[in-house]
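Everything below concerns the one structure shown next.
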Amino acid sequence: MKNLRSAPITANGLSFLVMEDDDFQRRMVVDMVRSLGATEVREADNGKQALDMLQAVNTSPVDIAICDLDMPEMDGMEFLRHLGGKSRSASVVILSALDGMLLASVENMAQAYGIKLLAVIKKPLTLAQLDALIAQYERWEGKPQQAAAAARSFTLEEVLQAVRAKQIEPYFQPKVDLETGRLTGAEALARWIHPELGVIEPGAFIGLLEQHGKIDELTFLMLEKTAAASRVLLDKGYAILLSVNLSLVSLSDTTLADRVTQVVRDAGVDPHHIILEITESAAMTDVAPALENLARLRMRGFGLSIDDYGTGYASMQQLTRVAFSELKIDQSFVKAFTVNPALRIIVESSIKMAHELRLKSVAEGVETEQELVTLKSMRCDTAQGYLISRPIDFNAFCDFLVNYNRKAAALDSRE
Ligand code: C2E
Ligand code: CA
Ligand code: CA
């Protein structure tokens with residue numbers, strides 16, 4: 001228990017419910033939660049008791065419920081069904097000794113019941129796991145503020161004005177080569193630096209621009225700023241590949257490839273240093289001009305990436321005949337593949353397929369060390385995700401890059 005005492009106080013201010021019929025195991029979990037500084041820990045030895053505690057009036061709400069599945073009287077499954085119907089309910093962590101396939105189906109069931117499922121963990125729970133899932137909880141609960149900015153809906157005029165005033169900035173999220181451990185690339189993600197509201201995430205403005213056929217204005221601003229960043233990195237001696245997102249709707253205009261090439265060359269950058277990521281977010285009608293644009297971009301030397309692989313429509317398959325250079329496995333598969341055998345199969349076969357098609361495989365949304373290690377063992381080429389870094393502004397990215405590769409070099413020389 002010694003290591004518990006030196007643990008960081010990460011659960012400060014949070015209230016927990018631990019539901020477990022085995023007294024010894026319950027004690028262990030309760031002690032761990034307390035050691036992380038939980039404000040309140042309630043205990044139940046079956047689902048019925050837990051549900052009564054959650055429903056009791058005049059008590060403060062539970063933030064995180066840690067639940068065993070196999071219990072007398074009311075088991076975990078029934079508990080989750082009842083909980084799913086509640087509007088303001090706790091986030092749930094399922095903790096069980098059952099095997100992986102069964103846990104995966106319970107996970108699907110919990111999601112179908114509308115449970116805010118934080119994690120499904122095979123017993124025994126470790127302090128590191130608990131710490132990670134509290135961080136995950138805070139990320140989720142932190143979202144409402146961001147969602148508030150997103151929910152403050154902007155008009156098309158406001159967004160266009162921001163684009164024209166160049167208030168949109170690329171934030172860079174690092175991509176790491178899993179074989180060498182080096183930071184070799186970054187994805188540019190649009191952020192609106194709003195003079196009053198601060199940093200606004202792309203969910204609040206990209207869709208609006210796309211719907212009104214105005215996304216190209218943003219695309220070209222992002223390209224211009226990203227190409228300028230690329231030039232700075234090249235001058236510092238860093239041949240980092242920078243990725244820019246391209247909306248599929250933009251591809252129906254056959255002049256696109258030339259305009260994109262021009263902007264990048266005007267910044268003094270060869271297209272080989274830029275990757276264009278394309279997601280299939282809507283069913284595409286104009287396949288022919290899209291194929292023309294993509295072939296031309298590839299010919300000019302741009303890298304082309306299939307973004308959110310596995311979530312798009314069938315027409316993307318027509319596009320896979322184009323010379324894509326990279327396949328990004330969607331984060332919804334990466335999110336839980338280490339505990340969900342079905343997702344693991346999808347991730348592994350996507351990596352295999354990428355290699356057979358001679359594409360680089362990239363896993364996005366990598367949040368845990370375990371995911372990183374597993375991806376490496378599956379021979380995935382590149383990883384991107386919060387585990388490495390969130391998207392950060394260009395100055396922060398430059399510092400991050402220098403430190404990261406210095407550490408990687410130090411590790412290399414020790415071997
Ligand atoms: P995307 O292209 O799939 O970008 C990845 C998103 O996942 C980013 O969200 C990134 O911050 C987030 N992400 C990265 N790692 C993790 C992780 O470990 N965990 C979790 N939970 N999330 C992670 P962001 O920046 O909010 O962007 C959302 C979407 O907006 C992007 O999804 C992309 O489709 C769109 N977008 C962003 N910038 C642009 C742009 O310049 N042009 C266009 N057309 N679309 C853009
Ligand atoms: Ca992307
Ligand atoms: Ca993506």
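Atoms within a ligand are numbered from 1 in the order they appear, just like the ligands themselves. Numbering of residues begins at 1 and proceeds along the displayed sequence.
- Some N or O of A190 is nearer than 3.5 Å to an N or O of ligand 1, by distance alone.
- Looking only at distances, a side-chain donor or acceptor of R26 sits under 3.5 Å from a matching main-chain atom of E20.
- Counting atoms of ligand 1 from 1 in the listed order, those under 4.0 Å from a heavy atom of P391 are 11 (O).
- Every atom of ligand 1 is numbered from 1 in the order shown, and the set under 4.0 Å from a heavy atom of E201 is 26 (O).
- Close approach of ligand 1 to E367 (heavy-atom distance below 4.0 Å) involves ligand atoms 17 (C), 18 (O), 19 (N), 20 (C), 21 (N).
- Note on the Ca ion (ligand 2): protein N/O/S atoms under 3.0 Å are E187 OE2, N245 OD1, E277 OE1, D307 OD2.
- Among the atoms of Q173, some N or O lies under 3.5 angstrom from an N or O of ligand 1.
- Inclusion of T279 in the set of residues having an N or O under 3.5 Å from an N or O of ligand 1 is not warranted.
- Among residue pairs with one or both ends in residues 392-409, none qualify as side chain to side chain donor-acceptor pair (under 3.5 Å); sequence neighbours excluded.
- Residues that satisfy the salt bridge (charged side-chain N to carboxylate O under 4.0 Å, His left out) test with R259, not counting sequence neighbours, are D216, D253.
- Residue K360 qualifies as open at atom NZ: its count of foreign heavy atoms under 6.0 Å is 12 or below.
- By the 3.5 Å distance cut-off applied to N or O atoms, Q384 is not counted among the residues near ligand 1.
- The shortest separation from a heavy atom of S247 to ligand 1 is under 4.0 Å, placing the residue in contact.
- Taking every non-hydrogen atom of D308 and a distance limit under 4.0 Å, the qualifying atoms of ligand 1 come out as 3 (O).
- In this structure E40 satisfies the side-chain contact (heavy atoms from CB on, under 4.5 Å) test together with S15, R42, S60, sequence neighbours excluded.
- In this structure, K352 does not pair ionically with E348, as no charged nitrogen and carboxylate oxygen lie closer than 4.0 Å.
- When non-hydrogen atoms are compared, ligand 1 lies under 4.0 Å from neither the backbone nor the side chain of K335.
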Quick one: do E292 and T254 satisfy side chain to side chain donor-acceptor pair (under 3.5 Å)? Show the steps, please.
-> CA-CA 7 Å; E292 181 180 337; T254 51; 4.9 Å; no
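- Those atoms of ligand 1 with a heavy atom of L218 less than 4.0 angstrom away are 40 (C), 41 (O), 42 (N).
- A donor-acceptor distance shorter than 3.5 angstrom exists from the side chain of Q173 to the backbone of S389, with no hydrogens or angles considered.
- More than 12 heavy atoms of other residues, nucleotides or ligands shown are found within 6.0 angstrom of NZ on K123.
- Taking the six-membered ring where tryptophan is involved, the planes of W192 and F205 are perpendicular, since the angle between them exceeds 60° and thus also 30°.
- Within the 4.0 Å heavy-atom criterion, both parts of N245, backbone and side chain, lie near ligand 1.
- Residue contacts with ligand 1, taken as heavy atom pairs separated by less than 4.0 Å, involve E364 solely via side-chain atoms from C-beta onward.
- Here is the list of ligand 1 atoms found below 4.0 Å of a heavy atom in E187: 2 (O), 4 (O).
- Using a 4.0 Å cut-off between heavy atoms, P202 contacts ligand 1 through its side chain alone, with no backbone atom that close.
- In this structure, F79 and L54 have side chains that are in contact, with non-hydrogen atoms separated by less than 4.5 Å.
- The pair K175-E187 does not meet the salt-bridge criterion, since no charged nitrogen lies less than 4.0 angstrom from a carboxylate oxygen.
- Remark: K122 NZ is packed, more than 12 non-hydrogen atoms of other residues, nucleotides or ligands lying under 6.0 Å away.
- Heavy atoms of other residues, nucleotides or ligands lying less than 6.0 angstrom from CD of E179 number 12 at most.
- Counting heavy atoms under 4.0 Å from ligand 1, residue D307 touches it through the side chain alone.
- The shell of residues lying under 4.0 angstrom from ligand 1, judged by heavy atoms, includes R191.
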